[in-house]
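To keep things clear, I will list the structure first and then write my remarks on it.
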Amino acid sequence: MSGSSAGSPPDDSGDGDRERDRSAGGPQTPPAPEEPPGNAANANADDGVTIEDDGLLRWFLKTDHETVMVTRDILSSVAIVAVVGLLLFGVSGIWPPLVAVESGSMEPNMHRGDLIFVADEGRFAGDAATAGTGVVTLENGQGSGHEKFGNPGDVIIYQPNGDPAETPVIHRAHFWVDKGEHWVDTKASEEIVGDATCEEVATCPAEHAGFVTKGDNNDGYDQLRGAGSRTDVVKPEWVTGKAMFRIPWLGHVRLTFDKLLGGTAAPMSPSSTTQGSIPAPASAGPGATGFGPDGSLAGAAAIAGTGAAVAIGRHRN
């Protein structure tokens, strides 16, 4: 009987059996070598960005490497502070454009730790400003309706006795006096000076024209403390700016960095004595304490915060 061999289906040449034999006992193709775990982690960390392929700048901006990301965040924070500071400087016309209040002599209209935006005294001048200045006094503000921080008149920032080594003071300008004027007798409020006369006050009569100033929470004028008065009558050239508006609490950033860095965030100056019921805090020194940095963000916050602190002055009120 002709036909296929027994046990082999038609058209089966036995190739299937040989394939099975080779797969069972033949030589095996070795598997591809695995990537070391460290290389895979680096590839994922860098997200496929390398200096060789993408250049240093693009790698720095795109890489997910932890150290580079922290450095990038720090530089971004500093850049934001710088841009905001420059914008505020453009509006205010003075540097620093922000000041931190150190004491309570302007309460309840300003509090310790408030952040105050200040402008050049010649900008945003009211209609009742004293001739030759941009400052509206409390006396003139009462008639014109010009009011700042809860009371008539402007709050000015000045250097006591024109001394740049002194911590600037932020107080309200009450009235203007001319050279030689017996201002205690002519313009001072009896509620403030009481029975005092010009002869009893070292700054009266006025040796030069200028402003008589007072903290809203203080008992007396800055010029009214006999031979120990805080300052002489404030000349217009001693005025470094005037307060425009306040942001509560943010000034603590500046005051905290003064404490943490011992005043190295910006130059420290001697303190003034606050009159009234609330004493001025002592000057921050290297051993002073303050708010602690926040955990893992301490490095970035400290550097960015220092930049912010430099842009924020400290002012005794």
Side-chain angles (χ1 to χ4, degrees), residues 27-102 112-118 244-268 284-315:
Q28 298 288 331
T29 302
E34 296 182 0
E35 287 287 335
N39 292 343
N42 289 339
N44 291 335
D46 287 346
D47 199 24
V49 182
T50 63
I51 297 177
E52 293 79 7
D53 295 338
D54 301 279
L56 181 61
L57 180 59
R58 187 172 186 276
W59 171 81
F60 180 80
L61 296 176
K62 299 295 184 181
T63 182
D64 291 335
H65 191 280
E66 183 176 357
T67 302
V68 178
M69 289 177 64
V70 172
T71 303
R72 198 165 58 210
D73 290 343
I74 292 172
L75 294 177
S76 298
S77 299
V78 172
I80 291 171
V81 170
V83 170
V84 172
L86 290 174
L87 289 174
L88 292 177
F89 171 70
V91 174
S92 69
I94 60 175
W95 186 266
L98 300 169
V99 299
V101 177
E102 283 195 2
R112 184 180 185 276
D114 282 352
L115 190 64
I116 309 297
F117 175 70
V118 300
M244 301 306 296
F245 60 84
R246 75 182 185 101
I247 306 172
W249 300 110
L250 286 187
H252 281 296
V253 173
R254 175 65 176 84
L255 302 180
T256 297
F257 273 93
D258 258 356
K259 293 178 180 179
L260 293 176
L261 304 180
T264 58
M268 295 285 289
T289 57
F291 299 107
D294 183 18
S296 61
L297 297 179
I303 294 176
T306 301
V310 171
I312 302 172
R314 51 186 285 273
H315 287 65

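Atom CD1 of I247 and atom CG of L98 lie 6.5 Å apart (nearest 0.5 Å). Distance check, rounded to the nearest 0.5 Å: OG1 of T50 to CG of L56 gives 11.5 Å. To the nearest 0.5 Å, atom CD1 of residue I80 and atom CG of residue L75 are 11.0 Å apart.
Residues satisfying the ring-ring contact (aromatic ring centres under 6.0 Å, His included) criterion with F117, sequence neighbours excluded, are F245. Scored by the salt bridge (charged side-chain N to carboxylate O under 4.0 Å, His left out) test, R72 finds no partners at all (sequence neighbours excluded).
Although no hydrogens or angles enter the test, the distance criterion places a donor-acceptor pair under 3.5 Å between the side chain of R112 and the main chain of E102.
Under the side-chain contact (heavy atoms from CB on, under 4.5 Å) test applied with V70, the options V68, D73, T67, I74 reduce to a single match, I74.
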